[in-house]
2 protein chains.
Amino acid sequence: MPRNREQNEQMRSQRTEQILAASLRLFAKRGLSATKISDIAAETGMSQGLIYHYYSSKEEIYTEIIKDAFRRLNEAVTILKNMNLPPEEKIKKAFDGLLINLEKSDDSARYHYLVAQASVSDAIPEEAKKTIKENRDYPYQVIEEIIREGQELGTIKKYDAKEMAVIFWTTIKGLAFHKAVLENRFKAPSADILMEMFI
Amino acid sequence: MPRNREQNEQMRSQRTEQILAASLRLFAKRGLSATKISDIAAETGMSQGLIYHYYSSKEEIYTEIIKDAFRRLNEAVTILKNMNLPPEEKIKKAFDGLLINLEKSDDSARYHYLVAQASVSDAIPEEAKKTIKENRDYPYQVIEEIIREGQELGTIKKYDAKEMAVIFWTTIKGLAFHKAVLENRFKAPSADILMEMFI
DNA sequence: GTCTATATCCAGATAGAC
DNA sequence: GTCTATCTGGATATAGAC
């Protein structure tokens, strides 16, 4: 019995999701070049040939994941930006949300860590580099802007806003790295400690 | 004219230092497996064969650098531990020292970042894994201990000491990563912002 | 869509001349 | 000590059967 179009599409998207999920784990753990197509095949239970049926190269998979990472991050950041909340509460909400995600979602931590890794490396595909270049500033800008608003209102401490935004994100990346090391033994710290720097 | 023993040793240590320095840059930037022996050769101006005259494999170079990183870090941490200073000043001094180093020394940032990377990866040499396992806890323990002392004296904020130690080091690692991205455009933030979490 | 078999390429490592 | 030439293994990617 031949499959219809929907079934085919569903099968395809299921396969690509399996590949992407396994690759995210592996890339985060070992980096692009130490991850072999055969690892991805083993992890998904597919044959090596089948991976190539869906993606034309390891690089293409990697680039796709980096794009996903920024899609998710940008979406979250935009929601934060548009929240109807005073600046200091936005910062608190951002930390809370990020820390909760870091603790409960392994993939969330992996995305942060993978982007961090990718941002440093020059041994990544050109298209991934381009994606990073186009997206890397946005989260910093949004946090910096929130901080400036809070400083004008007098509700956020008056250190250099750019430095504070850098600390905000490097703290998160540092914790994402820490979770990458500790895996499920990781327990997120209290957001209150981090908030001391801001309010 | 034949060289004497000292000259030979000097030449040898000069070569190995060149190799180690170039490899640190490359490994920090691209990771172990994306760094080729030919890259190291090109970076040092040596031939590929000459690299093998001094080290028997890429992994050996990598392991050596990881050991160096911990030698330096442990030394600094032990000095801090033995300083005759009240706990809260020790924390301040640690941040100051780390941030200054991060800003002025490219290698310092690279060591931190490389160890961070290596701690996550399982695609590193066994001996490097062992070195990491044996050394990773010490810096956290020392900071945690200092924090506990300060909390008993009432000079350090009373959040969970373990969490505070984690935040201390993840902040540093986060900033080391940030410098790895920005390279010489990196400017360290004020230690005062970070100190808000502790005093 | 999926698998197995295989071609191709390239990086790590060695050998041997100077 | 240093270089060039070369061997070898393993990983990417393709071909072709089912």
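This is a predicted model, so every value here is computed, not measured. Each chain gets a letter, A, B and so on, in the order its sequence line appears, and its residues count up from 1.
- Rounded to a whole Å, the CG atom of B:Asn8 is 10 Å from the P atom of D:dT2.
- One atom, CG of B:Asp39, and another, C1' of C:dA13, lie 16 Å apart when rounded to the nearest Å.
- In this entry the distance linking CD1 of A:Ile40 with C1' of C:dT2 reads 17 Å, nearest Å.
- Contact check on A:Lys92 versus A:Asp96 returns a salt bridge, with a Lys/Arg side-chain nitrogen under 4.0 Å from an Asp/Glu carboxylate oxygen.
- A:Leu99 is listed as a side-chain neighbour of A:Leu194, based on a closest heavy-atom distance under 4.5 Å.
- Side-chain N or O atoms of A:Lys179 include one that pairs as donor or acceptor with a backbone N or O of A:Leu102 at under 3.5 Å.
- Proximity of B:Arg12 to the phosphate of D:dG1: a side-chain N or O atom is located under 4.0 Å from OP1 or OP2.
- Residue B:Tyr54 is classed as a sugar-phosphate contact, given heavy-atom separations below 4.0 Å to backbone atoms only.
- At the heavy-atom level, B:Ser33 lies nowhere under 4.0 Å from the strands shown.
- Residue B:Tyr52 has no polar side-chain atom (N or O) positioned under 4.0 Å from OP1 or OP2 of C:dT14.
- Using a 4.0 Å cut-off, no side-chain N or O of A:His53 falls inside it from OP1 or OP2 of C:dT2.
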**Item:** Worked check of side-chain contact (heavy atoms from CB on, under 4.5 Å) between A:Met164 and A:Phe198
**Value:** CA-CA 8 Å; A:Met164 292 176 89; A:Phe198 295 86; 3.7 Å; yes
